[in-house]
Amino acid sequence: MTTAVTGELSVDSAELRGFRQVQQLAYACAEAVAARLEPGITEREAARMQREWLRERGVRDWFHLPFAWFGDRTAFVNFRIPLQFFPTNRRLEPGMPFILDMAPVYDGYTADIGYSGSLGINPVQDKLMADLEAHRELILREVRERRPLREIYEDVDRLMVRQGYANRHRAYPFGVIAHKIDRVKERRWSPHVFGFGTQSLKGLASDALHGHRDGWSPLWSPYRFSDHPPRPGLWAVEPHLGFRGTGAKFEEILVVTDSRDPEQSAFWLDDDLPHVRRWAEEK
Amino acid sequence: MTVPVTLEGARERRVRAGGVELCVAELGDPGQPTVILVHGYPDSKEVWSEVAPRLADRFHVVLYDVRGHGRSTAPKPLRGGFTLEKLTDDFLAVADAVSPDRPVHLVGHDWGSVQAWEFATIKRTEGRIASFTSMSGPSLDHFGHWINSRLKRPTPRRVGQLLGQGAKSWYVYLLHTPVLPELAWRGPLGKTWPRILERVEKVPGDGYPTPSLPTDAAHGAWLYRDNVRTRLRRPRPDAYAHAPVQLITPLGDAFLSERLYDELELWVPQLIRRTLPAKHWIPRSRPAQLASWITEFVTSVEGGRPESVTATGKYADRFGGQLVLVTGAGSGIGRATAYAFAEAGARVVAVDRDAEAAIRTAEMSRLIGAPEAWAETVDVSDEQAMEKLAAKVATEYGVVDVLVNNAGIGLSGSFFDTTPEDWKKVLDVNLWGVIHGCRLFGKQMAERGQGGHIVNTASAAAYQPSRALPAYSTSKAAVLMLSECLRAELAGQGIGVTAICPGLVNTNITSTAHFAGVDAEEEKRRQKKSARLYGLRNYPPEKVADAILRAVVRGEAVVPVTPEARGAYLMSRFTPRALRRIARLEPPL
């Protein structure tokens, strides 16, 4: 387990190149699978398509196994227990929104991405996606200001309420809007429990333990344990909006360093992503 | 004595068909799609006098007196002259005369609808009918199958349905007796009928029925005698509609059970359902609503999209195309309510003093099913602004069908810390806002005389005393009583009034509430703390919105929402002393 050493996280370091590569791979997978979705496909099948696509390209371990949510499950309607996140036999219908969420480990580098789309036209989800841009800007701005994570979380919440949406990342375990990710040692055997890779869980647990001693947490939540300034490292940020049975999210890596230069102190790992390109095109 | 109604500006002509001469009236541009309106029993084509002009600027509207009614001649002999086959001949003759090349859009009420079902389900009219809007008149064939299926498998529920409709059909049995109905109609019943309609059926007394009523009703008895027994005994097995059908069901119909249409999807591949809280004679009592639904339906069929209704909400049949105005629609319960109505296909006017938030609500409403939505920036406590709003809404969007007076602000603190300004502010918004809304929009509703509904957002605090909320509770108690009084006053005009009493609902009312008697910093802290408590309670405003729609559909008077509100409501009625004890507790802020 290597801990992200903060000095190494300059924009062009080999370290970040590795993460960028796997994040691109994951988004390529999402786009490829999304293009192959058709009416009648189930969530399980969509999850398997992601898994197979990535396995064929050398992914051996996972932060978590791929998820797929269709229809009102994109907004986590009536989710009570975490088991409900797992793919079901819900079938995709024309006009339905979907979200693909996967976290492959490639060459020891982890990515965790979320891709929202719909089968055909879904104006509500289009609107949600368009409104997510403000959240991406807000998060980066406030992280650069070194505001406590809990406060940033509350500001994101307020923006959502103003936009008229419900906060759906609240449904994730611990209600997290983001969590730390890191490099993972590659082993010949990499089992997973409840969909999460044991190696990654080990890393998260060790971060949590160290963080607990030093007053920070690898989980960015609305709770008191997130009441600390952003911790240098890589954060997979996943704001998730919900609106009456339709949900949309993006998920990508935010790099936080201990640099004094605000530009260098925090930046999105990669701006060449589907949702960012989409926003640029719309302008 | 009121002047008998006429169809103003109608061009009349006579059409000969199978031994009778039919009186046909036309309005509007013949180049437009043709809509044929068929009247019921005991009526004449003037029953449509309020609906037809509303359709005439968009369509070529055609009305005719059914044989033996109004100024059409009667067949000789009467017996056997009113069979559905002959009525079909009449319809085809009229359709060929007024629209020889294009199929027509049929609209039928009562017996007009019964006939039109025949037209829409037999072979020889195929291609002549583009769409059919049915109200209060089932197909006799479907009705026969409906009875048979219930006789064959008589579960308790189905027997109940059968007996219920059997009781509602009392007049059908009477009409089968010889001579007596004719005597009654030509005698006392014909004289008192207009008053009976007014009193029992709530039809406005405006010169309808026409003087031909006694003969219409006497001749029309043969509609029943010639068709009902034969068709109900041996319903056609192939009565499938060959055109899209819009079914408008008045829920207060004294003659037809809404259960009759339960299995209609079996017979009609393209069916749109609409419901209306009204009695049997909707062409007289709800012409505006009918005209708008017919317009929407005909337009969508002409545009090639029979299922134009994108609204997916549970109550789309009821609120589709209706005009709904919500105050305080920029956040919380108001916003959720606007969205719920939008999902049900209503046209939404979102009113809020926060312009940006109102625009946002209108924009999202359009995305989720509202055919139209507008934002209006108004402070409900501002009398002049509200008057301006009412005038603007009436001229630009129409008369509001459902008004939701929801805007409200929070105020907490001891009675002695509450300054007169605090009192004024909270009463201005919470009470005067509601008064202005009811006064201005309620008046428009009452003047239109076609029903409507007013929902006022009160609060559980309206009946649950609390030492922490003296001013707020007072304002909400006033809203509750205002709603009850208004309900009593408007009951006779078909306008319902509902008071919604939510308990702790997770909205931003906590973070904008004023806390009397503390400094700004302490106020901020309390706002945050109460917002957190409400957040932990986490009762979503969407559920309150659902309760509002349900209350409108059911016409409920007082609706506590959330378990604590329902509990307090029960306590206020059965154990008020215990509730007073609770009122003494200091809230944990």
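All chains are named by letter (A, B, ...) in the order of the sequence lines, taking the proteins before the strands, and each is independently numbered beginning at 1.
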Side chain to side chain contact (heavy atoms under 4.5 Å, CB included) between A:F243 and B:L367: does it pass, once the steps are laid out?
-> CA-CA 11 Å; A:F243 181 68; B:L367 279 184; 5.9 Å; no
Take atom CZ of A:R277 as the centre, draw a 6.0 Å sphere, and report whether it contains more than 12 heavy atoms from other residues, nucleotides or ligands.
-> yes
Kindly compute the distance separating CZ (A:R162) from CD (B:E356), expressed to the nearest 0.5 Å.
-> 7.0 Å
Around B:R353, counting heavy atoms of other residues, nucleotides and ligands shown, do more than 12 lie under 6.0 Å from its CZ?
-> no
Between A:D131 and B:R360, is a side chain to side chain contact (heavy atoms under 4.5 Å, CB included) present by the stated rule, with each step listed?
-> CA-CA 12 Å; A:D131 287 335; B:R360 179 93 198 168; 2.5 Å; yes
Does CG in A:L209 sit with more than 12 non-hydrogen atoms of other residues, nucleotides or ligands closer than 6.0 Å?
-> yes
Chi angles and distances behind the side chain to side chain contact (heavy atoms under 4.5 Å, CB included) call for B:E363, A:K127 | CA-CA 10 Å; B:E363 187 186 356; A:K127 181 81 187 142; 2.9 Å; yes
Counting only heavy atoms not in A:E282, do more than 12 sit closer than 6.0 Å to its CD atom?
-> yes
